[in-house]
Amino acid sequence: MSTTSDVTAVPPGSPPGEPPSAADPDLARHLTCLGDDALVLAQRLCQWITRAPTIDEDLALSNIALDLIGHARTLLSRAGRLDGTGRGEDDLAYSRSEREFTNALLTELPNGDFAMTVARQLAYTHYAVLHYEALTHCADPGLAAFGVRAAKEVAFHRLHADRWTVTLGRGTPESTRRMQRALERVWPYTGELFEENDVLRRLAASGTVPSPAALHDTWLARVTEVVTEAGLAVPAPSWSATGGRSGLHTEEFGPLIAELQSVRRQFPGGTW
């Protein structure tokens, strides 16, 4: 999972300049959720490599995935230190079962056509920017510094999604139809991003990390602005998907994780 963009994750010890982390199961759980979001979405975007509509998009989606892998490395390596198990980022990425992943269901949705991927990116990137910006104000200097870096990177991902949403929405009748259909498909999965469980309530009450629940209204206002500019309608789903944070996933998740872990499973302990 190594990337040149990551400069803070140095398992199994703490990064330079960061004191050793005391065990904190709640924070470990939360950081694992965020890391799983980034890792799983990166794996989905990697499936576009050599299949994107244009060469430029092939490169763009690859680079977005690379940024997300960098985020996953930092978050998962910190989670491994905080949960007391001493696991590193690779252990968490490659050695857990499907039920042990805690990513939001939105991030594992199949790519579908290009409009579907754009709709998923629109929803996720607007949420991620808000969440990482809020993280910059937390008391933990390591997490605050990560929030600064991650927010800047995801802001470019958000710009990419915004532009494509407008381009497809104001394109041909077919692209408009597909983009609206993609929004309708994605929207029931957005609510889970802002769910607040007991772990998050304790973390927010202690001031350790912000609660995502408080970000929903701002998120909705911002995505509504983009969707409206694209000449599309913001969906109003009659149901909301949940369960990913508890390890309950879609049927498409198993093959995705099998693909992610295939080399590690085939050559356990292998090094290159």
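Given the structure is predicted, the values throughout are model-derived calculations rather than measurements.
Cluster membership for V234 and L130, using ILVMFWY side-chain heavy atoms within less than 4.5 angstrom, is shared. Residues L61 and F156 do not share a hydrophobic cluster, clusters being chains of Ile/Leu/Val/Met/Phe/Trp/Tyr side chains in contact below 4.5 Å.
Every pair tested for salt bridge (charged side-chain N to carboxylate O under 4.0 Å, His left out) that includes a residue from residues 40-56 fails, sequence neighbours excluded, so the list is empty. Within the structure, side-chain hydrogen bond (donor to acceptor under 3.5 Å, both in side chains) contacts touching residues 197-209 (residues at least two apart or in different chains) are D26-R202, D198-R201, S206-T208. Applying the salt bridge (charged side-chain N to carboxylate O under 4.0 Å, His left out) rule to pairs touching residues 119-137 yields nothing, sequence neighbours excluded.
The minimum heavy-atom distance linking G112 with W48 is given by the pair O-CZ2, 3.8 Å. What you find for F101 and A93 is that their closest heavy atoms are CZ-O, 3.5 Å. Residue A28 comes nearest to L82 through the heavy atom pair CB-CB, 3.7 Å, listed as atom of the first residue, atom of the second, then distance. The shortest non-hydrogen separation linking E252 to P255 is O-CD, 3.4 Å. Among all heavy-atom pairs drawn from A182 and A115, the shortest one is CB-O, 3.4 Å. Across all non-hydrogen atoms, the minimal contact from A79 to L31 is CB-CB, 4.2 Å.
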Run the side-chain hydrogen bond (donor to acceptor under 3.5 Å, both in side chains) check on T74 and R149 step by step: do they pass? CA-CA 11 Å; T74 300; R149 175 171 67 88; 3.2 Å; yes

Derivation and outcome, side chain to side chain contact (heavy atoms under 4.5 Å, CB included), residues M116 and L109: CA-CA 9 Å; M116 173 65 184; L109 292 178; 3.9 Å; yes

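Taking 4.5 Å as the limit, some side-chain heavy atom of Y124 sits within range of a side-chain heavy atom of L68. Contact check for L45 versus Q121: side-chain heavy atoms found under the 4.5 Å cut-off. Under the 4.5 Å side-chain criterion, counting only non-hydrogen atoms from C-beta, L39 is not in contact with L75. By the 4.5 Å heavy-atom criterion applied to side chains, D36 and L76 are counted as neighbours. Here the side chains of V186 and L106 are in contact, with some heavy-atom distance below 4.5 Å. Within the 4.5 Å cutoff, the side chain of R81 has heavy atoms near those of the S77 side chain. When side chains are defined from C-beta on, L193 does not count as touching P212, because their heavy atoms never get closer than 4.5 Å. Counting heavy atoms from C-beta on, the side chains of D58 and I49 come closer than 4.5 Å.
Here CG of L27 is found 10.0 Å from CG of L200. Values are rounded to the nearest 0.5 Å. Distance check: L34 CG to R29 CZ gives 11.5 Å after rounding to the nearest 0.5 Å. Going from atom CZ of R185 over to atom CG of L183 covers 12.5 Å, rounded to the nearest 0.5 Å. To the nearest 0.5 angstrom, Q43 atom CD is 10.0 Å from F253 atom CZ.
Legend: residues meeting ring-ring contact (aromatic ring centres under 6.0 Å, His included) with Y132, ordered by chain and number and at least two apart, are H71, F146. In this structure, the side chain to side chain donor-acceptor pair (under 3.5 Å) partners of R265, at least two apart in sequence or on a different chain, are Q261. Residues meeting the side chain to side chain donor-acceptor pair (under 3.5 Å) test with E98, sequence neighbours left out: none. Checked against side chain to side chain contact (heavy atoms under 4.5 Å, CB included), R181 has the following partners two or more places apart in sequence or in another chain: D113, R177, R178. A search for salt bridge (Lys or Arg N to Asp or Glu O under 4.0 Å) contacts involving D91 returns R264, not counting sequence neighbours. Qualifying side chain to side chain contact (heavy atoms under 4.5 Å, CB included) partners for A213, counting only residues two or more places apart in sequence or in other chains: E196, S211.
A donor-acceptor contact shorter than 3.5 Å is absent between the side chain of T136 and the backbone of A144. Formation of a donor-acceptor pair under 3.5 Å by the E108 side chain with backbone atoms of T250 is found in this model. Checking side-chain atoms of Q47 against main-chain N and O of N111 turns up no donor-acceptor pair under 3.5 Å. The closest donor-acceptor contact from the side chain of T107 to the backbone of L41 lies at 3.5 Å or more, if one exists at all. Under a 3.5 Å cut-off, the side chain of Q180 and the backbone N or O of A233 do form a donor-acceptor pair. With R73 contributing its side chain and I69 its backbone, the two residues share no donor-acceptor pair below 3.5 Å.
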Identify all side-chain donor-acceptor contacts of residues 217-231 below 3.5 Å with residues at least two apart in sequence or on another chain.
{"residue": "W219", "atom": "NE1", "partner": "A123", "partner atom": "O", "Å": "3.0"}
{"residue": "T224", "atom": "OG1", "partner": "L220", "partner atom": "O", "Å": "2.6"}
{"residue": "T228", "atom": "OG1", "partner": "T224", "partner atom": "O", "Å": "2.7"}

Determine all donor-acceptor pairs shorter than 3.5 Å in which one atom belongs to a side chain in residues 157-167; sequence neighbours excluded.
{"residue": "H157", "atom": "NE2", "partner": "D67", "partner atom": "OD2", "Å": "2.9"}
{"residue": "H157", "atom": "NE2", "partner": "E153", "partner atom": "O", "Å": "3.4"}
{"residue": "H160", "atom": "NE2", "partner": "E57", "partner atom": "OE1", "Å": "2.7"}
{"residue": "H160", "atom": "NE2", "partner": "E57", "partner atom": "OE2", "Å": "3.4"}
{"residue": "D162", "atom": "OD1", "partner": "H126", "partner atom": "NE2", "Å": "2.8"}
{"residue": "W164", "atom": "NE1", "partner": "E57", "partner atom": "OE1", "Å": "3.4"}
{"residue": "W164", "atom": "NE1", "partner": "E57", "partner atom": "OE2", "Å": "3.0"}
{"residue": "T165", "atom": "OG1", "partner": "A161", "partner atom": "O", "Å": "2.8"}
{"residue": "T167", "atom": "OG1", "partner": "R163", "partner atom": "O", "Å": "2.8"}

Less than 3.5 Å apart, which donor and acceptor atoms pair up between the side chains of residues 236-245 and the rest of the protein, not counting sequence neighbours?
{"residue": "T242", "atom": "OG1", "partner": "E195", "partner atom": "OE1", "Å": "3.1"}
{"residue": "T242", "atom": "OG1", "partner": "E195", "partner atom": "OE2", "Å": "2.7"}
{"residue": "R245", "atom": "NH1", "partner": "C33", "partner atom": "O", "Å": "3.4"}
{"residue": "R245", "atom": "NH1", "partner": "D37", "partner atom": "OD1", "Å": "2.9"}
{"residue": "R245", "atom": "NH1", "partner": "D37", "partner atom": "OD2", "Å": "3.2"}
{"residue": "R245", "atom": "NH1", "partner": "T102", "partner atom": "O", "Å": "3.0"}
{"residue": "R245", "atom": "NH2", "partner": "D37", "partner atom": "OD2", "Å": "2.9"}

